[in-house]
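Worth saying up front: this structure is predicted, and the values here are computed from it rather than measured. Just so it is clear: chains get the letters A, B, ... in the order the sequence lines come, proteins before strands, and each one is counted from 1.
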Amino acid sequence: MATDPWEDELASQLRSSFTDVSLKLESFHGQPFATLEPGGYVKAVEFLKAQGFDYLVDLTAVDHPKDPVRFEIVAILYSFAANRRVRVHTRVGDGEAAPTLTGLYAAANWLEREIWDMFGVAFAGHPNLKRILMPEDWQGHPLRKERSIVAMDQEWVRANLDIESGQ
Amino acid sequence: MSTQPVNYLETSELVLNMGPQHPSTHGVLRLVLKLDGERVKAVECIIGYLHRGVEKIGENRTYTQFAPYVDRMDYVSAVANGLGYCLAVEKLIGVEAPARAQMVRVALAELNRISSHLLWLGTHALDIGAMTALFYCMREREEVLKIFENYCGARLTTHAFRIGGLQYDLHDTFEAEARAFCDMFEKRIDEYEQLLTKNPIWVERLRGVGVLTAEECKSFAVSGPMIRAAGVNWDLRRAQPYSGYEQFEFDVPVMHGADSYDRYLVRVEEMRQSVRIIRQTLGRIPGGAILAKVPKVLKPPAGEVYVSTEAPKGELGYYIVSDGSQHPYRLRVRPPSFMNLASLEKMAVGALVADVVAIIGTIDIVLGEVDR
Amino acid sequence: MEMAANSMLNTLKRWLLLDLLDGLWVTFKMQGTGNIATEQYPSDRPKVAERYRGAPRLNINPENNETLCIGCDLCAKACPENLIVVGTVRNKETRRLDLTTFTYDLSRCMFCGLCEDACPVDALELTQDFEMASYTREGLIWDRQMLEEGPRPTQYTR
Ligand code: SF4
Ligand code: SF4
């Protein structure tokens, strides 16, 4: 991805406050985002919350199975005062637990449950980490890249309709 | 022999299962209520009955092919969903829809807001016990759906917009239809208000029910009419205008009661403002192209964007990650209903069971969007 | 003073249920028969819009009764649900593709219109027919003949 550097007041504040962890500040199509290690991730969100970013717009994940550290966690924050959004990214490996944001935003509760359900990324410290959309007894995590939509469809159609799926 | 005295009047908690097949849960929402008498002590929402894996489907379709699926999330505001999706992809490929397309989009999106709010008003009133309003709301909604049908050939899951603009140009009678609708509808809103706003039963059932303060709204990432009823003047059409909303004059209704009654007032006023916006588009829709130059095989450059719009239910966002191929690498939908519903677990605590019905109604959820 | 009078008035209004009656008046006004929105389907069939996206049709050239379809497969490629199968053979003489079969699985179609938009010769079209119900899944898989002739819904008479 061809990104631009993220340069403004907030960026320099971030840079000066996070000198001990690796911090990358980029922007794409004018949308700034910061990438940190899991250790600095909650701290960065906390820092931004103190700067007025008190609205957790969204929290989601992206699966990169080919990368050494597989899951990218993306938090989108919004500030009413500054009327702008920033994203905070971090990476966690398969089987590792990501730090939770439930202590900062109530909205993180369901969003983290959804990430657990869809990707199988656990959140350390989450009060009620269980499936939210898929049935309790479902095996696996559907949004991982190895789950093929066509294979899932064919399996289901064969088992339940006794015909071959047209997919 | 037990030494403990037997207390025959011992009260214990009752766990009540409500839904997923319950007329007032607006679809397949299941609530597990922990009750102390009539009071709710705790509530857990169980969702996912309508999960179709929209995000997974998105990863397996081309950008163009995915557009019809977004209509099926919040199926009562398909036009708004389509608008958000098209804007997100347009941002990713760096294309802007022509002026004519933008104005048409606004007009249709506002009509859609009216139809969505109408369905909400009708069903909410029905839940509370005022059956009449539903029929009136459905009757007016039908007029909106007819306009959609004449415009693009479908009523509910419209697939009205395409990436880069529109597929269908406006039909000749659009302006006349929209004007007739506005003229008729303004009077109808007065009628709804006459029916409900001061009705003592309606007021008693909604005043002070389901209070969610501004702070709580922000913490739960609640958006749309719910946050505006809590005194936060925040509407994305105003805060971060898209598709040419900056050209239009409209008010953002804000109330301070943070309860179900104020949410009702906000939504009713929003319908009035939508009529106002539609009237401003009439006679002003510029000529020219309706579709920008977009390659037939769409391969956005690698990158990621988050674009959000003010859908009838709140902030509807699309977070799209592209890896340079024809298919989105990751397509995340930020569903307003999902986020708003999460606040139910807070709002319903301490309420009466009968009020839970009112609180579900006031959130304005569509389970197709909650579960995707 | 004025405040007190106002609150008196409001209390009186409440007691006399004036606001409630005000709402009931709206309901009462709808008694008139000029206000009917119900359609008497199926005895009165609704007239759907000109652009309505309903049952698919494979158009035939009225001049020579041959299909308009050139077997280019673009509709099948455009379809998100991947439900169109176009069968063609290469005609040795004209060196063009001749259409042999065309199946369209209506049970999975969402009438989005992408196939219709993709067709370069307007052979495939979503028409105004909306009565496509079938008792079986197989009944919804339309072959070329069905697509060319169109559905034949039961006509109910009183
Ligand atoms: S209308 Fe849409 S779903 Fe149906 S065949 Fe055409 S492209 Fe496929
Ligand atoms: S796109 Fe049109 S011409 Fe091509 S195969 Fe389909 S129906 Fe035939």
Side-chain angles (χ1 to χ4, degrees), chain B residues 57-58 60-72 82 125 130-133 135-136 138-143 145-160 162 167-169 171-173 188 190-203 291 296-297, chain C residues 9-31 34-39 46-56 74-84 108-120 125-130:
Chain B
I57 293 173
N60 289 276
R61 299 286 186 270
T62 64
Y63 287 90
T64 325
Q65 283 180 341
F66 183 63
Y69 293 91
V70 300
D71 294 355
R72 284 152 180 83
M131 201 177 196
T132 331
F135 300 120
Y136 300 164
M138 285 300 198
R139 182 187 59 196
E140 268 74 79
R141 180 168 171 264
E142 176 70 21
E143 298 303 315
L145 297 189
K146 272 188 194 144
I147 297 179
F148 289 159
E149 183 184 327
N150 286 336
Y151 168 67
C152 66
R155 293 155 56 86
L156 207 58
T157 47
T158 46
H159 193 210
R162 299 294 191 276
Q167 171 70 27
Y168 312 100
D169 207 341
H171 53 289
D172 301 333
T173 49
R188 298 291 192 204
D190 294 341
E191 270 181 22
Y192 306 148
E193 288 226 73
Q194 201 180 349
L195 205 55
L196 296 171
T197 305
K198 284 189 184 157
N199 182 322
I201 305 171
W202 180 253
V203 179
L291 195 62
K296 270 250 145 57
V297 178
Chain C
L9 205 68
N10 279 340
T11 322
L12 203 65
K13 260 188 172 175
R14 266 184 84 117
W15 275 4
L16 296 176
L17 293 179
L18 284 187
D19 291 325
L20 199 66
L21 291 176
D22 196 25
L24 282 175
W25 170 240
V26 174
T27 321
F28 186 75
K29 271 198 306 196
M30 300 295 164
Q31 298 276 331
N35 255 320
I36 297 172
T38 313
E39 281 171 4
K47 198 172 160 357
V48 296
E50 206 178 307
R51 294 180 180 177
Y52 192 80
R53 301 198 300 254
L74 283 178
C75 51
K77 289 212 177 69
C79 176
E81 281 295 321
N82 206 359
L83 56 85
I84 302 176
R108 287 192 288 133
C109 179
M110 50 185 172
F111 305 98
C112 62
L114 281 173
C115 50
E116 175 184 50
D117 299 347
C119 184
E125 195 183 328
L126 297 180
T127 61
Q128 285 163 303
D129 292 317
F130 54 88

Heavy-atom distance under 4.5 Å to chain C: side chain of [X], backbone, both or neither?
X	answer
T197(B)	neither
Y136(B)	side chain
Q167(B)	side chain

Using modelled atom types and a 3.5 Å cut-off, is there a donor and acceptor pairing between side-chain atoms of Q65(B) and backbone atoms of A78(C)?
yes

So, R72(B) side chain and M110(C) main chain: donor-acceptor pair closer than 3.5 Å or not?
yes

Note: vs chain C, highest number of non-hydrogen pairs under 4.5 angstrom among E142(B), K296(B), R162(B), K146(B) is R162(B)

I'd like to know which of L196(B), T158(B), T62(B), T64(B) tops the heavy-atom pair count under 4.5 Å against chain C.
T158(B)

Please test C152(B) against R53(C) for side-chain contact (heavy atoms from CB on, under 4.5 Å), starting from the C-alpha separation and ending with a verdict.
CA-CA 8 Å; C152(B) 66; R53(C) 301 198 300 254; 4.2 Å; yes

Looking at Y52(C) and E149(B), what are the two nearest heavy atoms and their distance?
CD1-OE2, 3.7 Å

Would you say that more than 12 heavy atoms from the other residues, nucleotides or ligands in this model lie under 6.0 Å from the CD1 of I201(B), or not?
no

Show the numbers, then the answer: is there a side-chain contact (heavy atoms from CB on, under 4.5 Å) between N82(C) and R61(B)?
CA-CA 10 Å; N82(C) 206 359; R61(B) 299 286 186 270; over 6 Å; no

Once rounded to the nearest 0.5 Å, what's the spacing between atom CG of D117(C) and atom NE2 of H159(B)?
7.5 Å

